[in-house]
Amino acid sequence: MPSVYDPKKTEEKWYDFWLEGKFFEAGKDPNKKTYTIVIPPPNVTGNLHIGHALNNTLQDILVRFKRMQGYDTLWLPGMDHAGIATQARVEAKLREEGISRHDMGREKFVEKVWEWKETYAKNIAHQWRKIGISVDYSRERFTLDEGLSNAVREVFVRLYEKGLIYRGKYIINWDPVARTALSDIEVIYKEVKGALYHMNYPLKDGSGFIRVATTRPETMLGDTAVAVHPEDERYKHLIGKTVILPIVGREIPIIADEYVDPEFGSGAVKITPAHDPNDFEIGQRHNLPQVVVMDEAGKMNENAGKYQGMDRFDCRKQIVKDLQEAGVLVEIEEHVHSVGHSERSDAVVEPYLSTQWFVKMKPLAEKAIEIQKNGKGVRFVPERFEKIYLHWIENVRDWCISRQLWWGHRIPAWYCDDCGEMTVAREEPKTCPKCQSQRLRQDEDVLDTWFSSALWPFSTLGWPEETADLKRYYPTDVLVTGFDIIYFWVARMIFMALEFVEEKPFQDVLIHGLVRDAEGRKMSKSLGNGVDPMEVIEKYGADAMRFMLSTGCTPGNDQRFRWERVEAAQHFANKIWNASRFVLMNLEGVTPEELSLSDKKLSASDRWILHRLNETIRDVTQLLERYEFGEVGRILYNFIWDEFCDWYIEFAKLPLYGEDMEAKRTTQAVLVHVLDQSLRLLHPIMPFITEEIWQHLPVAGESITIANWPTENPAYHAPEAVRDMQILIEMIRAVRNIRAEMEVAPKHQIELFVRPGMDVLPAIQNNEAAIKRLCGVKQLHVDPAMERPEKAMTAVVTGAELFLPLAGLVDIEQTIARLQAELKKLNAEVERVEKKLANPGFVAKAPQHVVEAERKKGEEYKAKREKVLARLAEMQ
RNA sequence: GGGCAGUUAGCUCAGUGGGAGAGCGCUACCUUGACACGGUAGAGGUCGUUGGUUCGAUCCCAAUACUGCCCA
């Protein structure tokens with residue numbers, strides 16, 4: 001084994017090994033309990049970003065953990081066709097070649113997208129294996145594959161038949177760049193500096209004018225009324241009168257409607273029913289005409305008169321100029337307001353009147369709200385996200401599901417060219433059910449991508465067929481995802497599942513944060529600050545990346561990506577590697593039988609590390625159950641590095657290099673056991689390096705991926721060994737401290753006198769060799785009754801006094817200074833404890849064990865202080 | 001406007017109703033038979049501010065300031 005761990009040489013090898021062994025395939029043992037996760041399907045067009053790496057790592061940790069615990073684990077992989085995103089990218093590519101999708105036609109274009117899909121799906125699959133995820137590829141799904149498309153149709157038809165899907169002409173959010181409708185949540189509101197334009201609309205009777213204000217003056221071309229509040233004294237006399245719409249010349253009425261806020265602007269508003277959602281509703285109440293003045297690309301249409309063909313923003317400039325010249329526009333006021341932008345194209349969203357398909361949300365939401373409120377709902381981790389979810393689902397509006405795209409699930413509705421009848425069906429109808437005509441046309445639109453994603457937890461398991469997988473693995477155990485798609489995805493999966501499978505889709509939802517850049521900014525293409533997980537793996541290995549991502553944060557919180565942290569994780573991997581090298585190098589000629597721990601005589605350090613291993617097993621297991629990955633990482637890091645490597649291995653060198661064969665065997669057995677168990681505990685986080693090392697161990701089985709998860713062994717419970725080790729460690733540190741202060745060369749062996757109390761005497765006597773080795777001591781004298789040596793450096797530790805007669809080096813001044821510093825600390829501690837114990841409230845009300853602990857501490861501090869004072873008295 | 005997070009060592013972040021922690025960085029020493037991606041010893045914080053609850057608050061509660069996110 002080389003002295004530096006090289007992830008590149010090992011990672012690829014083991015992933016192939018795992019696949020060949022089919023360790024990740026579910027369903028091998030019907031007697032096992034199941035543990036199921038469905039992967040949040042990444043968009044098929046694109047690379048996995050560092051957020052996917054985090055998301056996948058967390059799931060992999062859970063699945064590997066449960067697999068080792070003996071569950072029949074199914075982690076089901078798959079990808080999403082990502083309608084707008086994918087289509088936009090393929091269109092952009094075609095545009096470079098000077099082709100539009102309309103040139104190609106629908107069929108050819110969709111074929112082209114499928115080609116792209118194949119390329120990118122391969123790419124993502126490759127990235128999955130690099131990250132090391134333990135998914136069951138035999139069950140991989142794609143949102144547009146046949147089974148899932150059947151599920152989509154089934155759901156659509158059933159909802160339609162129930163009256164929960166309808167088609168109608170409403171104001172929707174229109175993306176003029178992607179030229180499609182959007183749902184409410186695909187609109188992102190941003191604060192934008194704009195202006196409020198005040199205009200005087202002249203009354204028809206010549207008696208003056210009425211002032212209205214707007215932020216979108218170009219929409220005035222579509223005005224069909226002016227509205228005022230019915231109780232507004234300023235305008236009461238004008239209700240029912242007519243104004244002449246400037247430029248257009250259309251006569252429009254002044255109407256009264258409660259919706260108008262008399263406080264805002266002039267208290268009178270222009271009404272554009274075809275270009276504003278509120279105006280649309282007012283228009284419906286008052287039977288106003290709806291004049292659409294723009295086309296699908298955001299250009300002014302034939303209803304815009306001389307502005308026809310102009311872009312909406314150019315038109316705004318021109319119309320402002322014209323209105324100013326006409327004396328209609330009387331004031332322009334700076335105004336900050338929030339403007340909707342398309343989540344995908346970032347285009348300013350246009351409220352637009354058009355015919356679309358909708359899901360009626362209230363009845364679906366009700367079920368979800370009900371189970372959540374009576375405690376049978378989904379458990380959100382962290383809890384606070386439940387409120388966010390509930391608030392949304394309680395206020396949800398109908399969902400616009402039709403998209404004017406070609407890439408996606410085509411809406412299963414057909415129109416008869418002869419009688420106009422619409423048919424919604426699972427299979428394409430041959431003839432019109434009303435007039436028997438064969439001239440049927442399928443609806444051109446496709447469904448919102450999230451419609452199919454909403455079915456993911458059950459459609460991937462075979463629904464609507466009652467498959468064995470669906471029976472066995474549904475509902476899933478946990479969904480792991482980011483808070484940014486709670487509305488888009490989590491909420492929709494829940495209400496769809498409740499409607500169609502009548503059971504919630506997952507027990508828990510684990511919400512994680514974003515991975516931000518080192519400055520805390522969101523990673524984005526436009527900033528170019530994204531981190532490619534493949535680059536991280538290339539440089540540091542997947543294990544280091546996984547350790548860094550999964551242990552770098554608290555649940556639900558964002559984290560910053562810092563290369564130094566990946567480097568630290570890499571160093572940790574290397575540390576484990578070298579500790580393992582040490583163990584393996586010292587096993588020559590040992591048979592696996594000799595490594596059995598039973599009937600071995602254990603030393604204090606053996607019992608100590610085994611006791612600590614027990615505690616580590618307990619903590620890691622509990623923390624994983626609670627999704628506390630950050631704590632798991634820290635605990636394993638500290639146990640392996642600070643306790644196993646820094647102390648146990650150093651203690652182990654003595655028997656390993658010594659003559660006592662029995663002691664040597666014992667140490668070897670403990671080393672192998674602790675290493676084996678540590679590797680298992682670490683495997684879910686760092687799968688590659690743990691498999692690599694584990695396979696070198698004499699106790700290894702087929703694969704660590706299916707090795708048993710460690711459990712506590714009560715036989716190794718040894719709190720007294722912990723106490724002994726604490727004393728030894730304190731002593732060793734004190735000696736090293738003096739050596740460092742006195743600049744004693746590390747190679748220079750010294751003489752050490754120890755005057756222990758009777759309570760610590762056995763611990764010291766039993767470990768004299770270790771003390772000598774770790775302190776660089778050639779002669780060690782231990783005697784509870786010893787006389788203080790002349791001219792010696794002195795230290796006081798718990799239960800013992802140390803004397804170092806450093807010939808020619810003893811510095812009285814420095815010793816006094818150090819003892820005085822120690823005295824100062826002890827004084828402070830004693831004072832703090834005594835003050836506490838002097839407080840009758842504390843003694844009376846604090847828990848008994850806390851008071852006891854304080855008393856004990858106080859006594860120890862005082863005893864130590866006495867010794868320090870005695871030493872000082874002798875020297876001064 | 002409503003809601004939710006965060007504010008702890010130079011930096012990035014953990015954490016706990018009872019003696020403040022890690023990684024990186026910094027200082028000194030050390031290539032000691034696993035590891036310089038290392039070892040040993042150290043320096044460094046009135047836990048945002050102000051009140052309250054409590055025997056005791058960095059932790060619980062309230063207010064407040066700043067930062068960020070979500071919703072309208």
Side-chain angles (χ1 to χ4, degrees), chain A residues 1-6 184-185 188-189 338 382-385 387-389 391-392 395 483-484 486-487 513-514 516 518-522 540 544 548 551-554 556-586 628 630-631 633-635 637-638 641-642 644-646 649-650 652-653 656-657 671 675 732-747 773-776 825 828-830 832-833 835-847 849-851 853-854 857-858 860-861:
Chain A
M1 282 170 90
S3 71
V4 174
Y5 172 63
D6 181 2
D184 292 338
I185 50 179
I188 295 166
Y189 290 89
S338 61
E383 273 177 24
R384 63 186 137 94
F385 291 105
K387 259 200 275 180
I388 294 173
Y389 159 74
H391 180 261
W392 184 76
N395 296 284
F483 57 73
D484 48 334
I486 290 177
Y487 306 144
L514 261 44
R516 297 173 170 275
E519 276 78 53
R521 295 170 306 181
K522 204 167 162 174
Y540 295 94
M548 173 267 172
T551 67
C553 63
T554 5
N557 287 9
D558 291 353
Q559 65 174 308
R560 299 187 188 193
F561 184 93
R562 316 192 105 238
W563 287 101
E564 306 94 276
R565 284 184 44 224
V566 191
E567 211 175 316
Q570 179 204 29
H571 293 175
F572 180 47
N574 198 54
K575 187 73 181 177
I576 298 161
W577 180 254
N578 278 292
S580 307
R581 274 180 68 218
F582 171 81
V583 173
L584 293 166
M585 286 160 83
N586 284 290
E628 299 267 6
E631 275 301 292
R634 252 164 261 130
I635 282 185
Y637 189 98
N638 289 334
W641 199 312
D642 301 340
F644 185 59
C645 293
D646 286 354
I649 286 184
E650 291 310 317
K653 283 175 181 172
L656 283 181
Y657 301 153
L671 280 169
L675 179 59
I732 292 163
R733 286 205 162 126
V735 176
R736 284 171 172 174
N737 187 318
I738 292 172
R739 292 185 60 128
E741 250 177 53
M742 300 313 297
E743 296 180 350
V744 179
K747 276 179 186 161
R773 183 186 169 88
L774 296 176
C775 295
K825 262 191 216 164
E829 292 297 338
V830 170
R832 187 184 57 77
V833 173
K835 204 172 151 192
K836 226 172 196 181
L837 291 169
N839 181 347
F842 174 72
V843 180
K845 293 187 180 173
H849 71 272
V850 173
V851 178
E854 287 295 323
K857 271 189 274 180
E860 270 173 18
Y861 289 136

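These numbers come from the heavy atoms of this one structure, side chains and all, not from hydrogens, waters or symmetry mates. Proteins come first, then strands; the chains are lettered A, B, ... in the order of their sequence lines, and each starts at number 1. Note that the structure is predicted; figures quoted are calculated from it, not measured.
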Classify [X] by what it touches in the nucleic acid, base, sugar-phosphate, or nothing, heavy-atom distance under 4.0 Å.
X        : result
A/Glu628 : nothing
A/Arg832 : base
A/Thr554 : sugar-phosphate
A/Glu854 : sugar-phosphate
A/Asp646 : sugar-phosphate
A/Tyr487 : sugar-phosphate
A/Leu584 : nothing
A/Glu631 : sugar-phosphate
A/Pro840 : nothing

Can you tell me the distance, in whole Å, between the [atom1] atom of [X] and the [atom2] atom of [N]?
X        : N     : atom1 : atom2 : value
A/Phe483 : B/C69 : CZ    : P     : 10 Å
A/Ile576 : B/G38 : CD1   : C1'   : 15 Å
A/Arg736 : B/G42 : CZ    : P     : 11 Å
A/Leu774 : B/G39 : CG    : P     : 14 Å
A/Arg739 : B/C29 : CZ    : C1'   : 12 Å

Measure all distances between protein nitrogen or oxygen atoms and nitrogen or oxygen atoms of nucleotides 1-7 of chain B, and list the pairs falling under 3.5 Å.
{"unit_1": "B/C4", "atom_1": "OP1", "unit_2": "A/Lys387", "atom_2": "NZ", "d": "3.4"}

Let me know, please, whether A/Pro847 or A/Ile732 comes out on the 5' side of the other along RNA chain B by nearest nucleotide.
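Result: A/Pro847.
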Check for a donor-acceptor pair, side chain of [X] on one end and backbone N or O of [Y] on the other, with a separation under 3.5 Å.
X        : Y        : answer
A/Arg581 : A/Val4   : no
A/Arg739 : A/Ala745 : yes
A/Trp577 : A/Asp6   : no
A/Asn737 : A/Arg733 : no
A/Asp558 : A/Gly513 : no

For [N] versus [M], give the span between their [atom1] atoms, rounded off to a whole number of Å.
N     : M     : atom1 : answer
B/C37 : B/C24 : P     : 12 Å
B/C13 : B/U31 : C1'   : 33 Å
B/U8  : B/U49 : C1'   : 15 Å
B/G45 : B/C4  : P     : 35 Å
B/U27 : B/U32 : C1'   : 22 Å
B/C69 : B/A34 : C1'   : 47 Å
B/A28 : B/G33 : C1'   : 26 Å
B/U54 : B/U40 : C1'   : 44 Å

Is A/Lys857 paired with A/Glu860 through a side-chain N to carboxylate O contact shorter than 4.0 Å?
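The answer is no: the pair does not qualify as a salt bridge.
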Going from [atom1] on [X] to [atom2] on [Y], what distance comes out if it is rounded to the nearest 0.5 angstrom?
X        : Y        : atom1 : atom2 : value
A/Arg562 : A/Glu567 : CZ    : CD    : 12.0 Å
A/His571 : A/Tyr637 : NE2   : OH    : 9.0 Å
A/Lys835 : A/Phe842 : NZ    : CZ    : 13.0 Å
A/Lys522 : A/Asp484 : NZ    : CG    : 6.5 Å

Pi-cation contact, A/Phe582 with A/Lys653 (under 6.0 Å, within 45°)
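A/Lys653 over A/Phe582 ring: yes.
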A side-chain contact here means heavy atoms from C-beta on lying under 4.5 Å apart; do A/Glu854 and A/Arg832 qualify?
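Yes, at least one pair of side-chain atoms sits under 4.5 Å.
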With heavy-atom distances below 4.5 Å as the criterion, would you say the side chains of A/Trp392 and A/Ile486 are in contact?
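A/Trp392 vs A/Ile486: side chains apart.
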Is the aromatic ring of A/Trp577 within stacking range of B/A34, meaning centres under 5.5 angstrom and planes under 30 degrees?
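Given the distance and angle limits, no, they do not stack.
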Do any side-chain nitrogens or oxygens of A/Lys653 fall under 4.0 Å of OP1 or OP2 in B/A34?
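True: A/Lys653 side-chain N/O within range (under 4.0 Å) of B/A34 OP1/OP2.
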OP1 or OP2 of B/C69 sitting under 4.0 Å from any side-chain N/O of A/Lys522?
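No.
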Would you indicate which nucleotide in [options] comes nearest to any side-chain atom of [X]?
X        : options             : result
A/Pro746 : B/C35, B/U40, B/C30 : B/C30
A/Gln570 : B/G15, B/C37, B/A41 : B/C37
A/Arg560 : B/G18, B/C37, B/U12 : B/U12
A/Ala740 : B/C37, B/A41, B/C69 : B/A41

Mind pulling the stems RNA chain B is in, i.e. runs of at least three Watson-Crick or G-U pairs, everything under 3.5 Å?
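Listed by first number, the stems are B:1-7 with B:65-71, B:10-13 with B:21-24, B:26-30 with B:38-42, B:48-52 with B:60-64.
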What N/O pairs connect the protein and nucleotides 20-26 of chain B at under 3.5 Å? Give each pair on its own line.
none

